[in-house]
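Labels below follow one simple rule: chain letters A, B, ... track the order of the sequence lines, proteins then strands, and each chain is numbered from 1. Since the structure is predicted, the reported quantities are computational estimates derived from the model, not experimental observations.
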There are 2 protein chains.
Amino acid sequence: MDGVKNMVKERLQLHGIKPSLQRMAVMEYLMTHRTHPTADMIFTDLYPSIPTLSKATVYNTLNLLVERGVVRMITIEEKNARFDACMDPHIHFRCRDCGAILDVDVEAHWIPTMPDGVTVDMSETYCIGSCAECNNKKAI
Amino acid sequence: MDGVKNMVKERLQLHGIKPSLQRMAVMEYLMTHRTHPTADMIFTDLYPSIPTLSKATVYNTLNLLVERGVVRMITIEEKNARFDACMDPHIHFRCRDCGAILDVDVEAHWIPTMPDGVTVDMSETYCIGSCAECNNKKAI
DNA sequence: AACAAAAATAGAATAATTCTAAAAATGGAT
DNA sequence: ATCCATTTTTAGAATTATTCTATTTTTGTT
């Protein structure tokens, strides 16, 4: 039996999500690809191995996963949402030049002092700039 | 002469943007409406007073303003981009229940320690949760 | 095997944004 | 003022990410 598949299944069940073939595939994809993929990338990559897969299913699954708090949706790019199954505290950096999105580990997320009565259940920080490679190219 | 219009004009010129009627109108709108409007809201509100206004112009102008660093684009909502002319350090909070987007003042933006070679030129923090009013309603 | 509930599917519909090509406005130089 | 080049605006078409709808398939239970 495949260890990864078991982890995937457990993680879904832990959040009350029935582990169908398609949901397992999307979840496994996110757990093994730390590339912050778009819904379309996930669909395109999974399609060859699940030829009956529909884009609607990918969207349905991603929405369900986000609702249940199993993955995060990243809106660092205006165009399309990106998804991330890593729930350890980290922030995202986008390189203005090459478009890469990198994880940057942090001890904990920053939650500024909020006005009275406001409760926060999640926080995201996005940094934009130039990555090391792009800075290197410019220096030459 | 109108003081606000002068401030608007100066702010555009300071960033090398020719202050056309349309650009002034969009910029003035953003400076006087701290509601984080979408492009569509800006268009709809300005249209009555500038009946020749085109949506493309609103988008062109907003893109120019963001490029030149005069306003920030806020991607706290997946659906549409929102815009903010206030460049003082503050973060945005979105209420999951009523959808309101609030400003929360901070001393300075948080920029975590980045990997070597990475340079950051801007950072945004989004917090999501429930606002005071919605929390109140739930408590009753 | 029969049935109800849940999940997946194809394709149409929606909506935000960008693109295109043409028209209008602007700002010199003559 | 007039001509010309450049910039800006415009309307509408095109694009694209996402959601919706109605149907079919799968799953689990009696």
Side-chain angles (χ1 to χ4, degrees), chain A residues 8-9 12-13 15-30 36-68 70-84 99 101, chain B residues 8-9 12-13 15-30 36-68 70-84 99 101:
Chain A
V8 170
K9 185 184 257 183
L12 292 182
Q13 285 172 331
H15 292 265
I17 298 172
K18 205 184 289 182
S20 71
L21 178 83
Q22 291 84 343
R23 288 168 176 176
M24 296 264 294
V26 170
M27 191 68 212
E28 181 177 343
Y29 187 90
L30 283 171
H36 317 98
T38 63
D40 197 69
M41 291 173 194
I42 298 172
F43 172 79
T44 306
D45 286 359
L46 291 180
Y47 187 71
S49 55
I50 311 176
T52 65
L53 186 63
S54 156
K55 229 174 227 185
T57 301
V58 174
Y59 277 102
N60 288 343
T61 302
L62 289 170
N63 287 340
L64 183 65
L65 292 172
V66 170
E67 255 171 43
R68 300 290 172 88
V70 194
V71 312
R72 341 186 200 170
M73 179 186 286
I74 300 168
T75 58
I76 198 172
E77 260 192 354
E78 322 85 79
K79 299 279 167 192
N80 26 224
R82 293 172 164 275
F83 298 89
D84 189 348
I101 295 177
Chain B
V8 169
K9 185 184 259 186
L12 292 182
Q13 285 172 331
H15 291 265
I17 298 172
K18 205 183 288 182
S20 72
L21 179 85
Q22 292 83 345
R23 287 168 178 174
M24 297 263 294
V26 170
M27 190 68 215
E28 181 176 343
Y29 187 91
L30 283 171
H36 317 98
T38 63
D40 198 69
M41 291 173 193
I42 297 171
F43 172 79
T44 305
D45 285 359
L46 291 180
Y47 186 72
S49 55
I50 311 177
T52 65
L53 186 63
S54 156
K55 227 173 226 185
T57 301
V58 174
Y59 277 103
N60 288 344
T61 301
L62 289 170
N63 286 340
L64 183 65
L65 292 172
V66 170
E67 255 172 44
R68 300 290 172 88
V70 194
V71 313
R72 339 187 201 170
M73 179 187 283
I74 301 168
T75 57
I76 199 172
E77 261 192 356
E78 322 84 79
K79 299 276 167 196
N80 26 224
R82 293 173 166 273
F83 298 88
D84 189 348
I101 294 178

Original post:
Which is true for Thr52(B) with a 4.0 Å heavy-atom rule: it touches a base, it touches only sugar-phosphate, or it touches nothing?
Top reply: sugar-phosphate
**OP:** Scan Thr57(A) against the nucleic acid and name what it touches under 4.0 Å (heavy atoms): base, sugar-phosphate only, or nothing.
**Re:** base
Distance check needed: [N] [atom2] versus [X] [atom1], whole Å only.
{"X": "Met24(B)", "N": "dA25(C)", "atom1": "CE", "atom2": "P", "result": "18 Å"}
{"X": "Leu21(B)", "N": "dA24(C)", "atom1": "CG", "atom2": "P", "result": "17 Å"}
{"X": "Leu65(B)", "N": "dT8(D)", "atom1": "CG", "atom2": "C1'", "result": "14 Å"}
{"X": "Leu53(B)", "N": "dA24(C)", "atom1": "CG", "atom2": "C1'", "result": "15 Å"}
{"X": "Phe43(B)", "N": "dT17(C)", "atom1": "CZ", "atom2": "P", "result": "14 Å"}
{"X": "Ile42(A)", "N": "dA17(D)", "atom1": "CD1", "atom2": "C1'", "result": "14 Å"}
{"X": "Ile50(B)", "N": "dA25(C)", "atom1": "CD1", "atom2": "C1'", "result": "15 Å"}
{"X": "Asp40(A)", "N": "dT18(D)", "atom1": "CG", "atom2": "P", "result": "8 Å"}

Original post:
Does Gln22(B) place a side-chain N or O at less than 4.0 Å from the phosphate oxygens OP1/OP2 of dA25(C)?
Top reply: no
Original post:
Can a side chain N or O of Ser20(A) be found less than 4.0 Å away from OP1 or OP2 on dA6(C)?
Top reply: no
What pairs with [X] under salt bridge (Lys or Arg N to Asp or Glu O under 4.0 Å), at least two apart in sequence or on another chain?
{"X": "Glu67(B)", "answer": "none"}
{"X": "Arg72(B)", "answer": "Glu124(B)"}
{"X": "Asp40(B)", "answer": "Lys55(B)"}

Which atom pairs link the protein and nucleotides 19-23 of chain D when you take only N or O atoms and keep those under 3.5 Å?
from	atom 1	to	atom 2	distance (Å)
dT19(D)	OP2	Asn63(A)	ND2	3.3

**OP:** On DNA chain D, check which nucleotide each of Pro51(B) and Arg23(B) is closest to and give me the residue with the more 5' one.
**Re:** Arg23(B)
Original post:
For DNA chain D, whose closest nucleotide is more 5', that of Asn80(A) or that of Ile17(B)?
Top reply: Ile17(B)
**OP:** Applying side chain to side chain donor-acceptor pair (under 3.5 Å), name anything that partners Asp84(B), two or more places apart in sequence or on another chain.
**Re:** His90(B), His92(B)
**OP:** Tell me, please, which residues at least two apart from Phe43(A) pass ring-ring contact (aromatic ring centres under 6.0 Å, His included).
**Re:** Tyr47(A)
Original post:
Taking the side chain from Arg82(A) and the backbone from Ile76(A), do they hold a donor-acceptor pair closer than 3.5 Å?
Top reply: no
**OP:** Check whether any side-chain N or O of Arg23(B) sits under 3.5 Å from a backbone N or O of Thr61(B) as a donor-acceptor pair, and report yes or no.
**Re:** no
Original post:
Lys18(B) or Arg82(B): which one's nearest nucleotide on DNA chain C is closer to the 5' end?
Top reply: Arg82(B)
